[in-house]
Structures are given as C-alpha cells and as structure tokens.
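Order of the sequence lines sets the chain letters (A, B, ...), proteins ahead of strands, with each chain counted from 1. It should be emphasised that the depicted structure is a prediction, and the values quoted were computed from it without experimental measurement.
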Amino acid sequence: MGYDFKNIEKKWQAYWAKNQTFKADNHSKKPKFYVLDMFPYPSGAGLHVGHPLGYIASDIIARYQRHRGFNVLHPQGYDSFGLPAEQYAIQTGQHPAKTTEENIKRYREQLDRMGFSFDWSREVRTSAPEFYKWTQWIFLLLFDHYYCKEADKAKSIAELKKYFEKEGNLTIKAVCDSDTPSFTAEQWHSFDTTKKEALLLKYRLTYLSETEVNWCADLGTVLANDEIINGVSERGGFPVTKKKMKQWSMRIGAYAERLLQGLEEIDWPDSLKEMQRNWIGKSRGAKVFFQIEGHNKKIEVFTTRPDTIFGVTFMTLAPELDLVQELTHPDYKGAVTAYIEETQKRTQRERMADVKNCTGVFTGAYVIHPFTKERIPIWIGDYVLADYGTGAVMAVPCGDQRDYDFAKKFQIPIKNIFKGVSLNEEAFTDKGTAVIDQSDFLSGLTHKEAMKVVIQELEKQKCGEGTINYRLRDAIFSRQRYWGEPIPIYYKNQQPQAIPVKQLPLTLPKVENYLPTQEGAPPLGNADQWAWDTKKEKVVANKYIDHKDVFPLELNTMPGWAGSSWYFNRYMDAANDTAFAGEDALNYWKEVDLYLGGSEHATGHLLYSRFWQKFLYDLGLVPVHEYAKKLINQGMILGTSAFIYRKAGTQTYLSSNLVDSTEKVEPIRVDVNLVNSADELDIEKVKQWQPQFKEAIFERYQGTFKVAREVEKMSKSKYNVVNPDEICAQYGADTLRMYEMFLGPIEQAKPWNTAGISGVYNFLKKYWRLFYEEDQWIVQDSEPTKKELKVLHETIKKLREDIENFSFNTCISALMIGVNELTALKCHKSSILSPLTILLSPFAPHIASELWEHLGNKTLLDFEEFPLAEASYLVENTKNYPVSFNGKMRFTLELALDLDQSAIQEAVLNDLRTVDYLAGKTPKKWIIVPNKIINIVY
RNA sequence: GCCUCGGUGGCGGAACUGGUAGACGCGCUGGAUUCAAAAUCCAGUUCUUUCGGGAGUGUGGGUUCGAUUCCCACCCGAGGUACCA
C-alpha cells in the first residue's frame, strides 16, 4: 500500500473543515499575525497550476506562524466584479451574478483540494451587496471630504463650507481643480445652492469633471492609465483614444507626497517601490507666468529648468487647452483648428509610434518674456500633454532635445545660453557640467546656483515661484459598465447628491441588456427602476423622474479596483453589518503582516489601496496609514508549450530532431498533456485530439516522435495549461505544494515542467518509509544517537532560517538532505521523527498530520510548537576558535567536540589548505568546518 | 532612451557578512532487484587531459593571500516606463 495520499488528503481536509481548525479568533492572548493573498478574480477557466503559487507560500507561512504560537488570520475571498462575466452576459444574456457564482464554486473546490488553511468563515466577495455597501460608504466619505494642505489630511466638506462663509477661498490651502475661480466670503453668500454645490465639487476627494479620458470604443468604456499597456487596452488589446467626458475622479494627487513618504516605512520589494516612485513622479522646478501680448491673461508653465529661462525662444501649448482658441490670431484659426482635429483623431498608439516626428502649428500670438521683455511666439504641438503640469511649456531648444527637434523642424531660432557648448547636433542637457551664459544675472553660474537665483528673482518680480510637480494623475473612477458597484449618487439640478448612508447598499438594478443604451448611455440606462425618490428614500421607476422628489441616479459604476482598495480591512470583521469592520477588530489586527501577490498590481491596486487606507486613517477609521507591512511578489509560473513541425503545404509532421534548416516547416502547438516527460508525443491521442491530425503522417526518429519546447505564458490558447486537479489526482496535494515551492525562488518567474515532480513525490514516499516498512509501523522509542540528533538539528536550523527568508526551495532541499541522511542511518526513532514531521507540516500538511497522529496520539498538529535548534547538540557542542595563518590573518574555525578521531583526521588530511593553516598545531579533537572563517586581522 | 533586477553544468537552481563553486532535484550513464515492467536501492555525472594536472560562474580590466560575491567599462536578457517640460 505505502503512501496512500488519496485517503490521507481526503481524511484531513474533512477533519479541518469539520473542526474549523483554521478559524481565527478576534480575541486572543497570543500575538497576532495576518497573512494575506491578493484575492482572485474567479474566471470561467478555473485555476491552473500557476495560480496557487502565492497561496501555497502564504499557507506555509500561516501554518509556520501557528506553530510558533501566533494567532494567525489567513483569509481568502473573491474580487468578483469584472469584465469577463459582463462580456459573457452580453453574449449569452446570462446574469453576471450567476456566472460569477458558478465560477466561485469551481474555484472553491479547486482550492479545497490543495489543503489551504484559509479561514473561510471570513470569505468576502466584492460583488456581494453586504460587501459593496461599504465600498459605497467609503465612496460617500470621499465625496464628503476635501484635502486640507495645512493639516495635511482630509477634512469634512462641512468645515470647508464654514471656511468659505468666513473667508471665501482666497486664503485657503486646499487641493482643488485647476480651474477653480476665486471668490470672497461675500460672493460666496451671494451664490445660489447650485453654484455653491458646483464649487464644492471642485474640492471633494471624489469629484465629477469634464476630463480628457482614455476611451476604448471596443470595450465601450473609459480606462485608467494603468489599464493601458503600450497604448492599447490591457484587456483585449483594443485601441484607445482621447475623449472629453464627464467622469468621476479620485483626487489621489492630493496624497502624492504621503504615498511617496509612506514607501520608506514599508518592507516591500525595491523594484516595486521604485515603480510606485516613478509613477508618482515627483519633480522639482518652478512655475513661470508669461504675459500674453495684447491680452489680459497670463500663461503659466511648469519647468524643471528655470535656470535656462534666457534660452526660451518659443512657447508650446497642448492643443487640447481651451486657452488656445482664445488667443489664436484670426489669420491662423484655420490651421490651428485643423491641427486640433487631426490630433484628436489619432489613437494613443499612433501618437506614441511617431514620437520622432514632431508636429505643431503657430497660433500667431505672442507672450512677453518676463526678464528680457522679448516677444515670444506661441505654438501648439502634441508633444505637450494637456494633463501634465499646466499643459504649457517654455521651450528652450538649447537645453531640451524635444524643443530642439521642434525648433529645427519649424526653423525657430535656437539661442545658446551655455558656455563652450556646440549645438550643431543636439541639445545640451547635461546639468552637471552646465555653465550658464548670455543670461543677464545668471551668466557664469552653474545649473545648481542658477536654479536658486532665478527662483528668488521670479518670486521677487511675482512672475513665478519654486514648485513641486507630480506625474501622478487623478484616477478616473467611472466605468460605463453594468457589473460593478453602483455609484450612490443622484442628480438634482445637474448637481450630484449623496444617497443617505442608511439607505446603502444601493443595489444593482435588473437590466434586459448589458450593452450601452441607444443614446450611448451606460448599461444602467437600460434599467426601468433606476431613479431616486428623496422622500421615500428608495429606488423607484425612471418614469417618475421630474416628479417633485424623484431624480435620476448615476448610470456609471465603479472600476475594478474599488472593492480591492479596502477588502483587507473587511477580513478582520467580515460579518459586521453595522460597520465596515468593528473598531475592536481593527485595533486587534491592525495591518497585514505579510501580503503576497503579483507585481502587475504595482501602479494599480497597490497604489489605490494605499491611498484609501491613508484617507480612512485621516478620518480615524483605521489605526494605521500603511496597511501592509511586508509584501512579496510571487513570480509567474510559465507554461512549457510543445511544438510539432509540419512540412510546409503537407499533412506530414516531423519529429523535432528530424528538422534541419533546409526544410520549410511550420511549428504547430500541441496539447502538453499529450507529451510524456521525455518530450515524446502520444501520436494516437493527438489523432483523436483534433480532426486536422486524424489523417496526418507522423515521421518518427528511432521509433519516437519528439516535440520541441518553448516557455511562454500559461494560457488555454497555447495548449500549455496544466490543471492542478490532475496533478492532485496523480501525485497528491502535498506533492503539488512542495513541487511548486521547489521550482525556484518564490519571486522569480519559472516554467512549469511536470517531469520534475517525481523528485518531490519520491521524497514523500521516502519519508513515509521512515515510518512504515511494508505497511508495518517501524518507529521505535529508543534513544537517538548523536549523529541522528545532529542531522535533525541541522535541518531545524536551516529550515527556520530559510522559512523566515521566504526561501522555500532551499527549505525543501534541506528536508530532502535530512531525510536522505536519516534513511542512510536507518533511523526510525520517534524522538527524531516527531520534530521532523512538524518541520514538514507547513509544506505537506496532510502527510504530516497523518503521521503525527500515529506518532504521538496527541491532539492537533497545528498547535504544536515548531522545533528549535538552539538547544541542540550541534550548537551546544560547537565553539569558535581562532587560528593564525602566515602570521597575517586570524581565522575562526567552528569546532565540534566529541567526534571520533578518524573522522577528524580524514577531514584534515583531505584538505591541503586546511593542513597548511594549522601547520604544527593540528588539534587532535577538532573537526574543521570550512567556510566559517569569519574574521581577518592584518 | 531612462529606472530596476538578473546572467553559474544538458535543465530548474544552491553557495549566509569575499573562504573547498555546482548543494538539492530533474535528466542522463552504469549496476542491483525482477520472467518483465513499475517501484526501490547503489555508483557516476562542469569541461578538458598525455591521468600529474589544467581550465571554469556573460566579456575585458581592477582591488585582494583568496572574487560567483566588491569596484570600473562593455555585452546580453527580463520587468517597468515612455514626448512628464
């Protein structure tokens, strides 16, 4: 019989479920430990072997920490709003909630088979009304707050109103839209409610504005910047264009500096922090105001090089700017309008494709240089982005390559303001060696000096000031989709109004059709029941709109990242229906101690969730302002696709070792599950697999037909998906878990290769044989030898170190070494095997539980103490001893007393260098452990 | 282009602060057991060699008694970002 993983795994999974072994308590004297996975989107395809990688790692940590006496919170849930379910609904008419429910069921079955120690009593689903009630609640909190720069935190809109009543907005330091007009307290009092509301909206942390958005026509929705990769949509790869639309946005920009600062406090991968830093994109420079000639307005520009201000020879505005229409000289109107239309038509991808080929037109207008008072022509060009800085740049062709290219192309003069530099080929952009010239009071200064002087002068003359700019844009929060959280807002006199909090959740209405309406409104426009009755405080039918108390509801829904921006707090108290999480629970669990997930969320989820956490912290609703202390990015598991080669134009396929360069062949993918571990294809199965192979001829080489391999992303369309269910059925969950960890370092991307799994499987069988011989229990109670103890304690030491460094692949190596040595020693002693089994349990919990039960008939494996190596034979009997060499250096050798003499002599004699070191004083009773030289003294 | 990380056998990968490079596993080779297969066990497996050795961690330099590890330059790969003024 041997190692019967099927029954063992079934038995223990049932036991854990029945006893709720992994249910975490919100009250405990033990220290807490919260280990979290990024929750999955339950897709229709189910899990493949790559998905559980992070869950296995987190489960090892969770089980390890329980052994170490922590009260562990290890929850799981589903990020269940999303596009695929909705696309499926459009095609089939099936309600996304139903598809989602089915997918979740499938996911749960697959997860359960792998023996994870999740506390399922805390499961969350972002698409459940009990959950999104609180997502909507947070949305309304954001709607009801603004960002006070003085206090450097969010404050309520009520406070803002009071301020306006007293002082208007002339002195307030708050984050707001760039086009916010100034007003005094008197003016404020004179405004009607609608006007007041419109002004307040410019301050709210979630606000409505007419913005240039990334419009994806194929998906019928707008996309956030992080949802666009290389100018096309992340999902589907469709083209993206710019479009002006009224959209909800999140004022994440208000938190830019704090999001940057917070990175210093958290233990996240450097690469990921760097990505967030770049995304936030802080740059120091100055604002400069240029007076428009014959006009009462000024153009404000942002520049990081105010020191080059005397090199300005033209000005470029983004074509989208409203100001362009206003200042364009009538003679140039035609050209300018044509150019603007042209740029609007281009997709983002086209725009990116010809970066080299700069375009633009002259507006016929001029500004006045603040220092030289020269006339400077105003151009527009699409290399200037409307939504960065002020959408206007002072062009310094001598110091900026883009300005240089633009000037060359349109034959605008280039003024050289650098000493001893040639500008024939390109602009001079080196800040380190620049010496300013031809620049009045800046001449002769270095870049650094000139920066200081010019900012002082700008501020003195009130035509500019030193400033800091961020690349981080406010995040668009509206999606023209059905399957998302409804935004709890209705419109009265065109102004957004909050749904009363006690009426949440505002649940999704039924619709017949998940496509946009004929008028182009989002899918919620199809709902018959989607209006808000302010008197009854409930949703009513649309036909009552314009009755006295009934108003239209918002038709957009929230984006995918809404629910995931706060779900980690919900797990702390998932069943609470009076708060998003109870205060006690929040104060007990505080933050995630270890968060595992992919680095693809670096500038999306992981930034937005930090922003929401900081906002909730400002309101005193959560106890910490960074929610995840440590984060690990697990690497992707890639597929190993299999290829066969078809002779061009025939139905003949060649074994990969028959292909030579003279033959014209086409590589064709075949299902990896039809290939054995020696890369040999099962031809009979291929013939049944797809009709095109039924009549095909397969040319073998020496009796076998081999495929070629290539590593690529695991996906259904590449026929390289390996299903964990099948691996579990064939080798068991414990083998799968260990093998995934054994593949390589957790952070690294690595290819899946089923062939290698036998190593781990053999290990578990070998482990079993330490306990059973031909189904006879052979474990005895006798005293362990020192050698056996040494093996055990070396394993403990290595394992503990490696688990704490998340180096699971080397952990497993250490276990294998230990087991090999004990097998060689024929050790079947319970005093050795009991602690070893606890060591094994985080990795292979089922087999460990089973053997543990046989060993000690004690209670639960899960609350035994993890063994310590500190008190071990190895450590206690080892001393460090200094030895000199060549009279120059001093080494410290680790010594183990008490080992037999022949072993020492062998070790010493086999290593010439070691003998040299110890010439003349080779110790009789010492063994030299190499690589332990820790100190060199000259 | 810029930022970040990486480059070690046939393969996945070890090597903590510089100290016997290639742990562990896969694969491969030979052997034992078996009617045979599976399973299991044992031995070998960086390259090269005239069997003394010699070479070897992407390339070329440097520091050091000693470098996969530190420094400089370059080449290659992965990820991020992209007219950010």
Checklist entry - For the side chain of A:Asn762, counting heavy atoms from C-beta on, which of B:A39, B:C24, B:G27 is nearest? => result B:A39
Checklist entry - Under a 3.5 Å cut-off for both distances, is B:C5 Watson-Crick or wobble paired, and to whom? => result B:G77
Checklist entry - Across the strands shown, which category fits A:Asn820 at heavy-atom distances under 4.0 angstrom: base, sugar-phosphate, nothing? => result sugar-phosphate
Item to check | Torsion-based syn/anti label for B:G52, 90° from 0 as limit | outcome: syn
Checklist entry - Is there a Watson-Crick or G-U wobble partner for B:C41 with both distances under 3.5 Å, and which nucleotide is it? => result B:G31
Checklist entry - B:U81 phosphate, OP1 or OP2: any side-chain N/O from A:Arg277 under 4.0 angstrom? => result no
Checklist entry - How is A:Ile817 classified with respect to the nucleic acid when contacts are heavy atoms under 4.0 Å: base, sugar-phosphate, or nothing? => result sugar-phosphate
Checklist entry - Using the P atom in both, what is the distance from B:A21 to B:U46, to the nearest Å? => result 14 Å
Item to check | Distance between C1' atoms of B:C70 and B:U64 (Å, rounded) | outcome: 10 Å
Checklist entry - Which value, in whole Å, describes the distance between the P atoms of nucleotides B:G60 and B:A67? => result 15 Å
Checklist entry - When all nucleic acid strands are considered with a 4.0 Å heavy-atom cut-off, which category describes A:Val301: base, sugar-phosphate, or nothing? => result nothing
Checklist entry - What interatomic distance, in whole Å, is found between C1' of B:A23 and the corresponding atom of B:A73? => result 33 Å
Checklist entry - Paired with B:C47: which nucleotide, if any, by Watson-Crick or G-U wobble criteria at under 3.5 Å for both distances? => result B:G54
Checklist entry - Do A:Tyr739 and A:Trp752 have ring centres separated by under 6.0 Å? => result yes
Checklist entry - For B:U68, which nucleotide is its Watson-Crick or G-U wobble mate, given both distances must be under 3.5 Å? => result none
Checklist entry - When we call it a touch if two heavy atoms are under 4.0 Å apart, what does A:Thr316 touch: a base, just sugar-phosphate, or nothing? => result nothing
Checklist entry - If we ignore angles and hydrogens, is there a donor and acceptor under 3.5 Å between the side chains of A:Asn805 and A:Glu801? => result no
Item to check | Interatomic distance, A:Met738 CE vs B:C24 C1' [rounded to whole Å] | outcome: 12 Å
Item to check | Side-chain donor-acceptor contact under 3.5 Å, A:Thr390 with A:Glu300 | outcome: no
Checklist entry - Under 4.0 angstrom, heavy atoms only, what part of the nucleic acid is A:Gln748 near: base, sugar-phosphate, or nothing? => result sugar-phosphate
Checklist entry - If you take atom types as modelled and just measure distance, does the side chain of A:Arg473 reach the base of B:C84 with a donor-acceptor pair under 3.5 Å? => result yes
Next on the checklist: By the 4.0 Å heavy-atom rule, please label A:Pro751 as base, sugar-phosphate, or nothing.
Outcome noted: nothing
